[in-house]
Amino acid sequence: MIYLDNAATTFIKPQAVTEAVMNCIRFECGNPGRGAHAISLAAAERIYACREALSDFFGVGAPERVIFTLNTTHALNLAIKGVLGYGDHALISELEHNAVRRPLYALAAQGVQFDVFPVVGLDTEAILRGIRERLTPKTAALITTHASNICSISLPIRAIGALCKEKGIRLIVDAAQSAGHLPIDLRDMQISALALPAHKALFGIQGCGALLLAEGMDPKPLLEGGSGVDSAPLVMPNEPPERYEAGTLPTPAIAGLLAGLNFVRSLGLDEIRRRTEALFLAARERLLSFRDLELYQADAVGSVLLFNHRQIPSTELARTLDREGIAVRAGLHCAPLAHRALGTPAGGAVRLGFSSLNTPEEIDALYSVLRRIV
Ligand code: PMP
């Protein structure tokens, strides 16, 4: 089977990740922070090591400001609902996933308003102009994806961060598609909160994500419950991470995330980029050789390539590819707004998501299978 659905989740994991998860379950999986015995302490130590590694890699500068969540969606909900309230205004990009749009839509019922700024086809200056034009005195947060989940457009986060800083607005970044692909430094880019998944390009397993909080970014907790410390009061502890981490953490998934992050660090983001861009360019060249295929925003080179056959609906093409042993994803990819911005038809399009563990031979095989189908 050839797996080209890495933008949804990476399926082929480095062996070190599988081993770390298994070792954790076998030897370290006490309840972290909920006991003083050796097995509980082993779990807590593994979790702290992962906090430190994430803090280091993403320029947070404070391991305790790394908050573990279930996934990116959970992290975004915590950041968005934790800072926006009645009367606030927010800005989002036109490339947002429903993980950003739906929490904001839910907040709209509570008196939060938001506007959408354009991105597709624009350079950094034009994107910043679009943001400036939509700012209001009530704008409290700008929430944006770093990299689209349906094409390889990425946003100029450093420039957006500088503008948000100048205007006193919080910047919440959805790094679902960029963590493990693009360099990110929270302090350097002036990001207030960064939401990321373990299970995509950081090669961890499902069940874990993280919200990284800058100094001064202290959203309201989304959940209340046991925190393992300070059990007597009826309110959550004041300090991160316990303030936000109610209930038992997914220790095996966190152990896997640490191993995945170490894999990414050892390969290096430059090498990861070199590999995924080479796969992208090879696939783009092959797809462009078909008269009946349409590609969307394919000048933006990266790890995601979106296309359609002019006569075959995207879901049917994906199903046929699956029967031939190639896993891709079709439809709207939980991002109907982004599909509209790219001009795909109502049925969406077919997405290829590359990982540094894919090979050029797999792109050759995709081409042969597509030729047969088309
Ligand atoms: N944002 C973007 C841009 C995504 O691609 C995804 C995953 N499809 C999410 C958010 C949600 O991620 P998760 O499944 O980890 O909640």
Side-chain angles (χ1 to χ4, degrees), residues 3-11 13 54 66-81 92-106 116 119-120 142-155 157 160 171-182 184 191 193-212 222-223 249-250 253-254 256-257 260-261 276 296-297 300 302-306 318 327-342 344 348-355:
Y3 186 83
L4 294 173
D5 194 19
N6 293 287
T9 198
T10 46
F11 173 68
K13 307 289 185 190
L54 287 169
V66 172
I67 314 302
F68 288 112
T69 60
L70 277 172
N71 47 40
T72 326
T73 305
H74 178 196
L76 285 166
N77 269 267
L78 168 53
I80 294 170
K81 293 178 177 165
I92 65 171
S93 88
E94 65 181 345
L95 292 180
E96 294 318 300
H97 188 275
N98 281 343
V100 166
R101 289 179 75 221
R102 286 184 171 163
L104 270 176
Y105 186 71
V116 179
V119 172
V120 176
L142 187 150
I143 306 138
T144 184
T145 192
H146 187 182
S148 168
N149 67 320
I150 63 165
C151 65
S152 288
I153 293 180
S154 61
L155 279 92
I157 295 298
I160 295 175
L171 172 60
I172 300 171
V173 176
D174 173 357
Q177 297 297 338
S178 59
H181 278 300
L182 301 176
I184 304 175
I191 297 168
L194 185 88
L196 60 84
H199 63 96
K200 299 191 197 241
L202 292 175
F203 294 109
I205 63 167
Q206 295 168 10
C208 170
L211 183 67
L212 316 187
L222 196 60
L223 297 173
L249 289 174
I254 292 171
L257 171 55
L261 181 60
T276 48
Y296 302 94
Q297 293 299 318
S303 59
V304 179
L305 184 52
L306 193 70
V328 300
R329 183 167 167 207
L332 292 176
H333 311 94
C334 302
L337 184 68
H339 271 275
R340 202 179 318 143
L342 263 57
T344 67
V350 180
R351 178 182 72 183
L352 305 177
F354 308 109
S355 134

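Read the numbers this way: they start at 1 and go in the same order the structure lists the ligands and their atoms.
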Participant: So, the side chain of R351 versus the backbone of N149: is there a donor-acceptor pair under 3.5 Å, distance only?
Facilitator: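 Checked: pair present.
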
Participant: At less than 4.0 angstrom from any non-hydrogen atom of K200, what atoms of ligand 1 do you find?
Facilitator: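 The list of qualifying atoms is 5 (O), 6 (C), 7 (C), 8 (N).
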
Participant: Below 4.0 angstrom from a heavy atom of T145, which ligand 1 atoms are there? Numbered from 1 as shown, please.
Facilitator: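 Per the distance check, 3 (C).
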
Participant: Output the list of atoms in ligand 1 that are nearer than 4.0 Å to some heavy atom of A99, sorted by atom number.
Facilitator: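 The atoms of ligand 1 under 4.0 Å from a heavy atom of A99 are 10 (C).
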
Participant: Quick one: which ligand 1 atoms are inside 4.0 Å of a heavy atom on H199?
Facilitator: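 With H199 as reference, the close atoms of ligand 1 come out as 13 (P), 14 (O), 15 (O).
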
Participant: Using only atom types and a distance under 3.5 Å, with no angle test, would you say the side chain of N71 pairs donor to acceptor with the backbone of H74?
Facilitator: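 Looks like yes, one N/O pair under 3.5 Å.
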
Participant: Pick one: which of T10, T9, T72 meets side chain to side chain donor-acceptor pair (under 3.5 Å) with H199?
Facilitator: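 Single pass found, and it is T9.
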
Participant: Considering only heavy atoms of A176, which atoms of ligand 1 have at least one such atom less than 4.0 Å away?
Facilitator: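 Reading through ligand 1 atom by atom, the close ones are 1 (N), 2 (C), 3 (C), 4 (C), 6 (C), 9 (C), 10 (C).
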
Participant: Please say whether T72 places an N or O atom under 3.5 Å from an N or O atom belonging to ligand 1.
Facilitator: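 Yes, at least one N or O pair falls under 3.5 Å.
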
Participant: Select the closest option to atom 3 (C) of ligand 1 among L196, N98, D174, V100, judged by heavy-atom distance.
Facilitator: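 Shortest heavy-atom distance from atom 3 (C) of ligand 1: D174.
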
Participant: With a cut-off of 4.0 Å, which atoms of ligand 1 are near a heavy atom of P197?
Facilitator: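 Counting atoms of ligand 1 from 1, those under 4.0 Å from P197 are 15 (O).
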
Participant: Just jot down the ligand 1 atoms closer than 4.0 angstrom to any heavy atom of N149, in number order.
Facilitator: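 Per the distance check, 3 (C), 5 (O).
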
